[in-house]
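Quick note on labels: first sequence line is chain A, next is B, and so on, each numbered from 1.
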Amino acid sequence: MTDRGYRQRVYRVVRQIPPGRVATYGQVARLAGGCTPRMVGFAMASVTEHDAVPWHRVLNSRGEVSERSAGDGAARQRRLLRAEGVRFDRRSRLDLDEVGWLPRG
DNA sequence: AGATTGACTGCAT
DNA sequence: CATGCAGCCAATC
């Protein structure tokens with residue numbers, strides 16, 4: 001019962017990202033272990049309110065919100081991040097050195 | 001069972 | 001800085 005599947009491992013990691021901070025898909029994948037950035041993206045796509053996972057705090061390695069193939073998720077994500085005080089630059093990107101999550105730090 | 005797709009990443013051009 | 005390509009692996013058709 002220790003292994004609940006890669007999605008639960010990913011969720012557990014993402015839940016540790018504090019408000020106002022962000023992590024990249026690759027970073028989450030590495031911390032969760034045994035999964036790739038793409039799997040993290042897929043796991044985020046299947047998150048529901050009931051999971052209580054701050055999916056909006058996960059961005060791509062360039063520090064920008066990844067566009068979806070469908071839906072307005074990206075816009076909602078940017079709005080949620082701004083609500084946490086995250087500042088985007090002119091290109092809708094943010095500075096990972098400034099708001100990037102430093103695990104255990 | 002094989003092909004395609006995707007909220008990715010790193011390296012090369 | 002923009003594009004392209006290979007590697008990645010679960011989910012879907």
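Using a cut-off of 4.0 Å between Lys/Arg side-chain N and Asp/Glu carboxylate O, A/R57 and A/E84 are scored as salt-bridged. A salt bridge is defined here as a Lys NZ or Arg NE, NH1 or NH2 lying under 4.0 Å from an Asp or Glu carboxylate O, and A/R90 with A/E64 fails to meet this definition.
Going from atom CZ of A/R68 over to atom C1' of B/dA7 covers 5 Å, rounded to whole Å. Atom P of nucleotide B/dA7 and atom CZ of A/R62 are separated by 14 Å, given to the nearest angstrom. Rounded to whole angstrom, the span from the CZ atom of A/R30 across to the C1' atom of C/dC9 amounts to 19 Å. Whole-Å rounding puts the A/N60 CG to C/dC8 P distance at 21 Å. In this structure, A/L96 places its CG atom 11 Å from P of B/dG10, rounding to the nearest Å. Rounded to whole angstrom, the span from the OH atom of A/Y25 across to the C1' atom of C/dG7 amounts to 19 Å. Rounded to whole Å, the distance from CD on A/E67 to P on B/dT5 is 20 Å. In this entry the distance linking CG of A/L59 with P of B/dT9 reads 9 Å, nearest Å.
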Please determine whether side-chain contact (heavy atoms from CB on, under 4.5 Å) holds for the pair A/T48 and A/V53, giving the CA-CA distance in whole Å, both sets of side-chain angles, and the decisive distance to 0.1 Å. CA-CA 8 Å; A/T48 66; A/V53 173; over 6 Å; no

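Atom CZ of A/R82 has 12 or fewer neighbouring heavy atoms from other residues, nucleotides or ligands inside a 6.0 Å radius.
An OP1 or OP2 oxygen of C/dG7 is reached within less than 4.0 angstrom by no side-chain nitrogen or oxygen of A/T36. OP1 or OP2 of B/dG10 sits under 4.0 Å from a side-chain N or O of A/S61. Between A/R91 and the phosphate of C/dC1, there is a side-chain N or O to OP1/OP2 separation shorter than 4.0 Å.
Using a 4.5 Å cut-off on side-chain heavy atoms (C-beta onward), A/V14 and A/W101 make no contact.
A/F42 comes within 4.0 angstrom of the backbone, heavy atoms only, and of no base. Nucleic acid contact class of A/R7 (heavy atoms, under 4.0 Å, all strands): sugar-phosphate only. Here A/M39 lies in heavy-atom contact (under 4.0 Å) with sugar-phosphate atoms only.
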